[in-house]
Amino acid sequence: MDIELDRRRVLLGASGIAAYLMMPSWTAAGVAVPASPVSPERALDSYRRMLCGAEGEEVLWWFIGDLHFHVPGKSLLPVARSLTIGGYTAGKSSARAFRYRFREAGVIVDLASGERLQHNPLSHEAAEVPLVDEPPHDIDWVMQDDGSITRSVHGQASTLHLHWTETSANLLLLETQPGENAFGLAPGDQGSDWKVPESTRTVYVKRASLARPGFVPAEMIFNVALKMSPSWLATQSPGDHWLIVRGLGQKSRAKDVVNLDALELVRRYFPKFL
């Protein structure tokens, strides 16, 4: 993969990344450092800048996710990889609300070849594996009177569980979305196959970057647990089957290329996306 993450963090893996970021470090001299984002207003503003760019600007999030098939009591079995690109266009914002337009495109690929997966990785039989195709839609984030933050998408609102952690150099946000409020692997799919019991994503930035005006570089760790058995991953034995998706994301300006593999696949299957 060509995602341009720091080599040490890539080798450490997702759990190691979180621990590595929690280690004490120091900001450059002379850079203003914000206080801990304890107020809901600052939490909302910080999250907006971590996810998006300036008003009217589209930024890209590049995601690499490894898909693992899991039967309770057995080890995780790697089955595929997802390469997706999400576009985030910031809209008008206030101290208590902001909106962005989101779109996403991507492909589930074979672990060995890196090409679009066209077979069941368990049975090796031919299968129709869906593309990740999320058309543009608006997402609203609103701070409620009690200080909680809700997200509204497709007419459904959910309350976010946001937990902030700060070191001298890094700002981490752990976002947990339990139940069906969580995001799915292939948003275009409908039905019970894509019910999501829980998801978490940790978004992190350098505090010095957040203190300055303009574009804020950010990275993400995400973990999604889906209790399902989609048609392309069907097995002969019934029972509890889980798909665990774990991966990394990196934010960039629209003109920057972070992952050449994802770029090539999106251009091939979604030529109008970029």
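Position 1 is the first residue of the sequence, and the numbers go up from there.
We find the NE2-CZ distance between His68 and Arg81 to be 8.5 Å, quoted to the nearest 0.5 Å. Once rounded to the nearest 0.5 Å, the distance linking CZ of Arg151 with OG1 of Thr159 reads 11.0 Å. Atoms CZ and CD1, from Phe63 and Ile85 in turn, are 10.5 Å apart once rounded to the nearest 0.5 Å. Note that the OG atom of Ser94 and the CG atom of Asp45 stand 10.0 Å from one another [nearest 0.5 Å]. To the nearest 0.5 angstrom, Leu44 atom CG is 8.5 Å from Ser93 atom OG. One finds the CD atom of Glu58 at 5.5 Å from the CG atom of Leu60 (value rounded to the nearest 0.5 Å).
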(message) Apply side chain to side chain contact (heavy atoms under 4.5 Å, CB included) to residues Ile64 and Asp261 and explain how you reach the verdict.
(response) CA-CA 10 Å; Ile64 297 178; Asp261 292 329; over 6 Å; no

(request) Determine, step by step, whether Arg253 and Val59 satisfy the side chain to side chain contact (heavy atoms under 4.5 Å, CB included) criterion, reporting the C-alpha distance in whole Å, the side-chain angles of both residues, the deciding distance to 0.1 Å, and the verdict. (result) CA-CA 5 Å; Arg253 293 179 174 88; Val59 300; 5.8 Å; no

(message) Run the side chain to side chain contact (heavy atoms under 4.5 Å, CB included) test on Leu248 and Glu219 for me, step by step, so that the C-alpha distance in whole Å, both residues' side-chain angles and the decisive distance to 0.1 Å come before the verdict.
(response) CA-CA 7 Å; Leu248 304 174; Glu219 295 178 2; over 6 Å; no

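Shown here are the side-chain hydrogen bond (donor to acceptor under 3.5 Å, both in side chains) partners of Asp256, two or more places apart in sequence or in another chain: there are none. For Arg268, the side-chain hydrogen bond (donor to acceptor under 3.5 Å, both in side chains) partners at least two apart in sequence or on another chain are Glu115, Glu264. Residues meeting the side chain to side chain contact (heavy atoms under 4.5 Å, CB included) test with Asp146, sequence neighbours left out: Gln144, Ser148.
Here the side chain of Arg96 pairs a donor or acceptor atom with the backbone of Met143 at under 3.5 angstrom. Of the possible polar contacts, one joining the Lys251 side chain to the Cys52 backbone as a donor-acceptor pair under 3.5 Å is found. Between the side chain of Asp140 and the main chain of Ala97, no donor-acceptor pair closer than 3.5 Å is present.
Proximity of Gln250 to Asn259: side-chain heavy atoms (C-beta onward) are nowhere separated by under 4.5 Å. The shortest side-chain heavy-atom distance between Ser82 and Leu67 falls under the 4.5 Å cut-off. Taking 4.5 Å as the limit, every side-chain heavy atom of Phe102 sits out of range of all side-chain heavy atoms of Val153. Inter-residue side-chain proximity for Tyr100 and Thr89 is flagged as unmet; no heavy-atom pair is nearer than 4.5 Å. Side-chain contact between Pro121 and Leu233: present, with at least one pair of heavy atoms (C-beta onward) separated by less than 4.5 Å. A heavy-atom distance below 4.5 Å is found between the side chains of Leu76 and Arg246. Contact annotation: the side chain of Leu243 approaches that of Val79 to within less than 4.5 Å [non-hydrogen atoms, C-beta and beyond]. You'll find the side chain of Arg99 stays beyond 4.5 Å of the side chain of Lys92, heavy atoms only.
Classification of the His119-His124 ring pair by plane angle, with boundaries at 30° and 60°, yields parallel. Ring-plane geometry between Tyr47 and Trp141 is classed as perpendicular, the angle between the planes exceeding 60 degrees on a 0 to 90 degree scale with a lower cut at 30.
Tyr269 is connected to Val266 through a chain of hydrophobic side-chain contacts under 4.5 Å among Ile, Leu, Val, Met, Phe, Trp and Tyr, so both are in one cluster. Phe69 is not connected to Leu111 by any chain of hydrophobic side-chain contacts under 4.5 Å among Ile, Leu, Val, Met, Phe, Trp and Tyr, and they are in different clusters. At a threshold of 4.5 Å between side-chain heavy atoms, the hydrophobic network of Ile, Leu, Val, Met, Phe, Trp and Tyr places Tyr88 and Val142 in two separate groups.
Scanning all heavy atoms of the two residues, the minimum distance from Ala157 to Ser152 falls at CB-OG, 3.5 Å. Contact record, Trp61 with Met220: CZ3-CB, 3.7 Å, taken as the closest heavy-atom pair. For the pair Ala112 and Asp110, the tightest heavy-atom approach, listed with the atom from each and the gap, is N-OD2, 2.8 Å. Considering all non-hydrogen atoms of both residues, Lys74 and His70 come closest at O-CE1, 2.9 Å. When all heavy atoms of Ser252 and Phe215 are compared, the pair lying nearest together is C-CZ, 3.6 Å. Closest approach of Trp232 and Val129 over heavy atoms only: CB-CG2, 3.9 Å.
Among Leu210, Leu51, Val216, the single residue meeting the side-chain contact (heavy atoms from CB on, under 4.5 Å) criterion with Ser46 is Leu210.
By the 4.0 Å N-to-carboxylate-O rule, Arg48 lies too far from Glu41 to be salt-bridged with it.
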